Amino acid sequence: MREGLEEPSIGAARRLAADADRVIVKAGTNSLTDADSNLDDEKLDKLVDDIEDLLKRDKEVILVSSGSIGAGTGRIEQSSGTVEESQALSTVGQSLLMHRYTESFDRYDRKVAQLLLTQHDLENPERFTNLRNTIETLLDWGVVPIINENDAVATEEIRIGDNDMLSAATTMGVDADLLVTLTDVGGVYTGNPKDDDDAERIEAVGTNYDEVQEIISETTTDGFGGIQTKVEGARDVSEHGIPAYIAKSTEPDVLEKIATAKPVGTIFVPINGVSDD
Ligand code: GLU
């Protein structure tokens with residue numbers, strides 16, 4: 001495992017993350033669907049189990065969940081070739097997704113709420129204030145807000161683009177203390193771990209950011225929703241003094257490990273929020 005930073009600042013960042021009161025958890029489509037693009041009940045239940053680990057510690061959790069287009073694709077076996085098809089599929093998948101989240105959180109007697117957003121809602125101060133107020137009220141009631149982009153109406157001009165940016169904007173906008181991006185790779189690596197056995201996990205990103213960016217641009221070809229946007233989202237957040245993790249959704253007790261400051265995934269050390277011990 002590579003360490004690009006001094007150990008003390010990593011430890012301090014992990015403890016800051018463990019103490020977070022309000023956490024944004026972002027789950028990608030691969031963390032929720034199977035190879036045939038059907039919603040995967042086991043994966044979804046595991047995510048909810050992990051979130052419950054935070055809720056039972058009296059933390060507030062806001063979930064940013066992708067998967068609507070993926071789940072819609074599996075459900076009605078239509079391709080998502082055109083923008084219109086993807087938009088339509090998202091409407092099929094989104095209701096299915098919420099149905100499953102409702103069932104899964106019911107196991108813990110927790111209630112959920114759906115919030116579908118566009119770029120306008122993030123940019124317009126009045127709309128954003130309304131959004132914040134709604135989220136605050138839901139959190140006061142102990143309801144778990146579940147956010148996704150409103151893909152059905154999000155044409156090019158008003159598209160946020162991907163949920164990595166949406167979750168970073170939400171983290172800063174609702175004064176969360178931690179962003180956790182759950183994905184199908186275990187963090188940021190020195191190569192593409194899917195096809196490079198020598199790729200090593202980078203334990204922490206902070207002052208080594210430029211070096212990490214260089215590695216990513218050399219080793220990844222994925223664009224939309226790939227590691228690049230996850231890293232940008234996590235970096236944005238850490239530049240605002242908030243710690244962020246990129247971690248593997250299948251890692252056992254992944255959120256519990258974060259809540260107990262155990263080493264997991266890649267942590268983005270807050271640039272102005274943590275000093276060395
Ligand atoms: N909003 C899209 C969906 O739910 C996903 C966007 C993303 O994964 O970044 O399918």
Side-chain angles (χ1 to χ4, degrees), residues 24-41 43-44 47-48 62-102 104 112-122 131 144-173 179-185 188 216 220-237 244-250:
I24 308 291
V25 176
K26 188 259 169 179
T29 301
N30 286 340
S31 306
L32 294 163
T33 55
D34 64 19
D36 299 321
S37 209
N38 287 305
L39 259 191
D40 184 320
D41 287 347
K43 286 185 181 177
L44 190 140
L47 170 66
V48 171
I62 299 165
L63 173 61
V64 176
S65 175
S66 302
S68 69
I69 299 171
T73 306
R75 179 75 170 163
I76 63 169
E77 294 171 8
Q78 284 284 342
S79 75
S80 55
T82 65
V83 174
E84 289 78 8
E85 284 167 346
S86 294
Q87 289 179 311
L89 286 168
S90 77
T91 63
V92 175
Q94 182 64 29
S95 63
L96 187 59
L97 199 55
M98 288 310 297
H99 174 67
R100 280 296 297 122
Y101 277 128
T102 303
S104 191
V112 298
Q114 167 184 270
L115 297 102
L116 298 179
L117 307 181
T118 67
Q119 185 69 30
H120 287 326
D121 304 314
L122 303 181
L131 170 66
V144 180
I146 303 180
I147 299 178
N148 196 358
E149 183 159 7
N150 192 347
D151 294 308
V153 299
T155 48
E156 232 21 81
E157 318 79 71
I158 60 161
R159 227 173 127 63
I160 298 163
D162 61 68
N163 280 357
D164 298 317
M165 287 303 121
L166 175 58
S167 50
T170 306
T171 304
M172 296 178 281
L179 167 66
V180 181
T181 299
L182 296 175
T183 181
D184 59 347
V185 289
V188 186
I216 291 171
T220 57
T221 46
D222 54 2
F224 178 86
I227 193 69
Q228 180 73 50
T229 54
K230 288 170 185 49
V231 167
E232 278 168 28
R235 176 66 177 184
D236 263 9
V237 162
Y245 280 91
I246 298 175
K248 199 173 185 130
S249 55
T250 52

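What's counted below: heavy atoms across the whole structure, side chains too, no hydrogens, waters or symmetry copies. Everything numeric here is computed off the predicted structure, so don't read it as measured data. Note that the numbering runs from 1 along the sequence shown for the chain. Whatever order the structure lists them in is the order used to number ligands and atoms, beginning at 1.
At distances below 3.5 Å, not a single donor-acceptor pair connects side-chain atoms of Asn148 with backbone N or O atoms of Leu116. For Asp151 (side chain) and Ala154 (main-chain N/O), no donor-acceptor pair under 3.5 Å exists by modelled atom type.
Under a 4.0 Å heavy-atom criterion, Gly67 is in contact with ligand 1.
Each of the atoms 9 (O) of ligand 1 lies under 4.0 Å from some heavy atom of Asp162. Close contacts of ligand 1 with Ser66, meaning ligand atoms under 4.0 Å from a residue heavy atom, involve 4 (O), 5 (C), 7 (C), 8 (O). Atom numbering of ligand 1 starts at 1 in the shown order; those under 4.0 Å from a heavy atom of Asn148 are 1 (N), 3 (C), 4 (O).
Scanning for side-chain hydrogen bond (donor to acceptor under 3.5 Å, both in side chains) contacts around Asp184 gives Asn30, Lys194, with sequence neighbours left out. For Ser249, the side-chain hydrogen bond (donor to acceptor under 3.5 Å, both in side chains) criterion is met by Ser31, not counting sequence neighbours.
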Test Lys26 against Ser66 for side-chain contact (heavy atoms from CB on, under 4.5 Å), laying out the working first.
CA-CA 8 Å; Lys26 188 259 169 179; Ser66 302; 4.0 Å; yes
How far apart are the C-alpha atoms of Thr33 and Leu39, what are their side-chain angles, what is the distance that settles it, and do they pass the side-chain contact (heavy atoms from CB on, under 4.5 Å) test?
CA-CA 4 Å; Thr33 55; Leu39 259 191; 4.3 Å; yes
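At under 3.5 Å, a nitrogen or oxygen of Asp151, whether backbone or side chain, sits near a nitrogen or oxygen of ligand 1.
Taking only non-hydrogen atoms, the option from Ala27, Ser68, Ser86 nearest to atom 3 (C) of ligand 1 is Ser68.
The proximity of Ile69 to ligand 1, defined as any non-hydrogen pair under 4.0 Å, involves the side chain as well as the backbone. Residue-level proximity to ligand 1 for Asn163 is carried by backbone and side chain together, each with a heavy atom below 4.0 angstrom.
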